[in-house]
Student: 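Dumping the structure here so I can ask a few things about it.
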Amino acid sequence: GVEVGPQPQGVARADVLDKMRKIVKHGLDFVQLFNEGKELPPCTIEVFKIMEKVDYPRNKNGEIIAIIHPKLQDQDWQPLKNGDPLFLTLDGEVIPYEGNCTVYPTFINEAAYYEKKQAFVKTEKIKLCANHLRLSVS
């Protein structure tokens with residue numbers, strides 16, 4: 001499966017549709033070249049590995065007491081460093097990110113995840129290396 005976003009629920013965005021078409025085309029091109037026996041060279045790619053899901057700050061009754069900080073909103077896949085604004089309480093207090101490494105949040109403030117108690121997902125950027133690849137035809 002391919003999930004391309006972010007985009008609001010029930011909204012069809014041309015830029016997101018275009019990205020989805022491009023990634024599907026690249027995937028199909030890969031399958032075709034592989035099936036033709038073409039040798040694919042070694043490569044390295046950066047990916048984002050999920051570390052953990054982060055909930056909204058809540059009170060003792062389980063009610064949300066802070067929202068995503070405006071500087072974090074719409075910043076999916078952008079670096080989040082120790083001390084960066086994370087949440088904003090209803091009283092205007094900034095709750096900063098406290099972490100020992102830079103992370104890359106995604107699925108930030110998505111409506112579909114409120115009921116799952118998820119404000120965003122922390123990911124880390126890693127590199128994956130692949131050796132050359134070729135279909136061995138018998």
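For the single chain, residues carry numbers from 1 onward in sequence order.
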Student: State the OH-CZ distance between Tyr97 and Phe87, to the nearest 0.5 angstrom.
Tutor: 11.5 Å
Student: At their closest point, which heavy atom of Arg58 faces which heavy atom of Ile64, and how far apart are they?
Tutor: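 The pair with the smallest heavy-atom distance is NH1-CG1, 3.5 Å.
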Student: Quick one, Arg13 with Leu17, criterion side-chain contact (heavy atoms from CB on, under 4.5 Å). Give me CA distance, side-chain angles, the key distance, then yes/no.
Tutor: CA-CA 6 Å; Arg13 289 182 43 165; Leu17 180 60; over 6 Å; no
Student: Tell me whether Ile45 at atom CD1 has more than 12 heavy atoms from other residues, nucleotides or ligands lying less than 6.0 Å away.
Tutor: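 Incorrect, the count does not exceed 12.
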Student: Please name the pair of heavy atoms, one in Gln78 and one in Pro105, separated by the smallest distance, quoted to 0.1 Å.
Tutor: O-CD, 3.1 Å
Student: Which distance, rounded to the nearest 0.5 Å, do you find between the NE2 of His132 and the CD of Glu39?
Tutor: 4.5 Å
Student: Is a donor from one side chain sitting under 3.5 angstrom from an acceptor on the other, for Glu98 and Asn82?
Tutor: no
Student: Just so I know, are the side chains of Pro79 and Thr102 near enough to count as touching, which here means a heavy-atom distance under 4.5 Å?
Tutor: yes
Student: Using the side chain to side chain contact (heavy atoms under 4.5 Å, CB included) definition, which of the options Val103, Asp76, Ile50 pairs with Val121?
Tutor: Ile50
Student: Closest heavy-atom contact between Leu86 and Pro96?
Tutor: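 In terms of heavy atoms, the two residues are closest at CB-C, 3.9 Å.
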Student: Assess whether atom CG of Asn100 is packed by more than 12 heavy atoms of other residues, nucleotides or ligands within 6.0 Å.
Tutor: no
Student: Output all residues satisfying ring pair (Phe, Tyr, Trp, His ring centres under 6.0 Å) with Tyr114, sequence neighbours left out; order by chain, then residue number.
Tutor: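 Expected list: Tyr56.
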Student: Is there a side-chain contact (heavy atoms from CB on, under 4.5 Å) between Asp84 and Leu72 once you walk through the steps?
Tutor: CA-CA 9 Å; Asp84 286 348; Leu72 181 60; over 6 Å; no
Student: Once rounded to the nearest 0.5 Å, what's the spacing between atom CD1 of Ile108 and atom CD of Gln118?
Tutor: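 So the CD1 of Ile108 and the CD of Gln118 are separated by 11.0 Å.
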Student: Can any side-chain N or O of Asn35 pair as donor or acceptor with the backbone N or O of Gln32 at less than 3.5 Å?
Tutor: no
Student: I'd like to check the side-chain hydrogen bond (donor to acceptor under 3.5 Å, both in side chains) partners of Glu52; sequence neighbours left out, ordered by chain and number.
Tutor: Lys122
Student: Measuring from Asp18:CG to Ile23:CD1, what's the distance to the nearest 0.5 Å?
Tutor: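 Between Asp18 CG and Ile23 CD1, I get 12.0 Å after rounding to 0.5 Å.
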Student: Got a second to check how far Glu124's CD is from Lys49's NZ, nearest 0.5 Å?
Tutor: 5.5 Å
Student: Between Asp15 and Lys19, is there a side-chain N and carboxylate O pair less than 4.0 Å apart?
Tutor: no
Student: Verify whether the ring centers belonging to Tyr104 and Phe48 lie closer than 6.0 Å.
Tutor: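 Ring centroids of Tyr104 and Phe48 are less than 6.0 Å from each other.
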Student: Is it the case that atom CZ in Arg21 sees more than 12 heavy atoms from other parts of the structure closer than 6.0 Å?
Tutor: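 Check fails, neighbour count at 12 or below.
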Student: What's the separation between atom OH in Tyr113 and atom NZ in Lys53, rounded to the nearest 0.5 Å?
Tutor: 8.0 Å
Student: With no hydrogens and no angle check, is any side-chain donor or acceptor of Asp91 less than 3.5 Å from a backbone partner on Glu93?
Tutor: no
